[in-house]
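Just so it is clear: chains get the letters A, B, ... in the order the sequence lines come, proteins before strands, and each one is counted from 1.
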Amino acid sequence: MSELTAFFSGEPTELIASELLGKTLRYQTNQGVMSGYITEAEAYLGQNDSAAHAFQGKRTPSNEALYRDPGTIYIYSIHGRYMFDIATQEAGVPQGILVRGLEPVEGIEIMRQNRPREGYELTNGPGKLMQALGIQDKALNLISLDEAPLTIQLTGKIPAKVGESSRIGVSQNGNGTLLPLRYFVAGNPYVSGMRKREMDLENRGWK
DNA sequence: CTCCCGATTGTCT
DNA sequence: GACAATCGGGAGG
């Protein structure tokens, strides 16, 4: 079992989601390398979670990746934007984590070409970070992070404080939808909806 | 092939 | 903080 496979299984998905904060997302393209620290993530807990795509065991060609091995990339689109998820837990257990924020480290100029916005507007949202990376299709869907040009390195930063909240865009009436399954680096500007006065512009929420 | 709609974003108040 | 735009894709016939 690879290091990533082990990381994305073996403990509850919500714990994995919080531990994902500060890890490095890295994407190798023919434009160059882009990377950044994950600042925000949400856990989706499969068949018992009414907000999850696999609620009640729903399984279709589009959400197939959730049922695959831990570390499988799950890309889907909504509102005409692309989202990046990672399957967690052993094959057959359709849980996953949605990556919602990224603090750019390498390849910022490439990102700005893909998405011409200034500062934290570049990657402070799930659709925004995908646009910045230049991922506008599902070519990487169903591929393992171990084999894709898009991968995660288990090195990076440690959050000084992890914030929690209910998940964004999830209607608040259903099984599990009230749970605080969204995790973010408190004070980091590259977190969706972070208010200006709550931003820690000096350390950006890292230790 | 049609009908439907959302794990969003940006813009305006 | 509210709301409309928008669009691809997915589910089902």
Query raised in the report: According to a 3.5 Å limit on both distances, what stems of 3 or more consecutive Watson-Crick or G-U pairs are formed with DNA chain C?
Result: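 Stem segments, range with range: B:1-6 with C:7-12, B:8-12 with C:1-5.
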Selection from [options] that lies nearest to any side-chain heavy atom of [X]:
X: A/Lys138; options: C/dG10, B/dG10, B/dA7; result: C/dG10
X: A/Lys58; options: B/dT9, B/dA7, C/dA11; result: C/dA11
X: A/Ile78; options: C/dG9, B/dA7, C/dA11; result: B/dA7
X: A/Met83; options: B/dA7, B/dT8, B/dT9; result: B/dT8

Report task. Please confirm whether A/Arg59 makes a cation-pi placement over A/Tyr67, using NZ or CZ under 6.0 Å from the six-membered ring centre and within 45° of the ring normal. Result ->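 Verdict for A/Tyr67: a cation-pi partner in A/Arg59.
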Query raised in the report: Do A/Glu40 and A/Ser192 have side-chain N/O donor and acceptor atoms under 3.5 Å apart?
Result: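 Their side chains do contain a donor-acceptor pair, which is all the 3.5 Å distance test asks for.
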Below the 4.0 Å mark, does [N] have OP1 or OP2 next to a side-chain nitrogen or oxygen of [X]?
X: A/Ser62; N: C/dG9; value: no
X: A/Arg59; N: C/dA11; value: no
X: A/Tyr82; N: C/dG9; value: yes
X: A/Arg81; N: B/dA7; value: no
X: A/His53; N: B/dA7; value: yes

Requested in this report: Determine the minimum heavy-atom distance between A/Asn114 and A/Leu133, stating which atoms define it.
Outcome: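 Of all heavy-atom pairs spanning A/Asn114 and A/Leu133, the closest is ND2-C, 3.6 Å.
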Query raised in the report: In whole Å, what is the span from the CD1 atom of A/Ile75 to the C1' atom of C/dG9?
Result: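 Atom-to-atom, A/Ile75 to C/dG9, this comes out as 14 Å.
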Report task. Please state how far atom NE2 in A/His79 lies from atom P in C/dT6, giving the value in whole angstrom units. Result ->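 Checked: the NE2 to P distance equals 12 Å.
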Requested in this report: Scan A/Ser192 against the nucleic acid and name what it touches under 4.0 Å (heavy atoms): base, sugar-phosphate only, or nothing.
Outcome: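 Contact class for A/Ser192: none.
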Query raised in the report: What nucleic acid atoms does A/Arg182 come within less than 4.0 Å of, heavy atoms only: base, sugar-phosphate, or nothing?
Result: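 Touches nothing.
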Query raised in the report: Should we count CD of A/Glu121 as having more than 12 external heavy atoms under 6.0 Å?
Result: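 More than 12 within 6.0 Å, yes.
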**Report entry** Crowding at CD, A/Glu3 (>12 non-hydrogen neighbours, <6.0 Å)
**Finding:**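 Incorrect, the count does not exceed 12.
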Query raised in the report: When the C1' atoms of C/dG9 and B/dG10 are considered, how many whole Å apart are they?
Result: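 Rounded to whole Å, the distance is 22 Å.
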Query raised in the report: Do we count A/Tyr76 as stacking onto C/dG9 if the rule is ring centres under 5.5 Å and planes under 30°?
Result: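 Stacking is absent between C/dG9 and A/Tyr76, given that the ring centres and planes do not meet under 5.5 Å and under 30°.
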Report task. Could you tell me whether A/His53 and A/Tyr76 have their ring centroids closer than 6.0 angstrom? Result ->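 So the answer is yes for these two rings.
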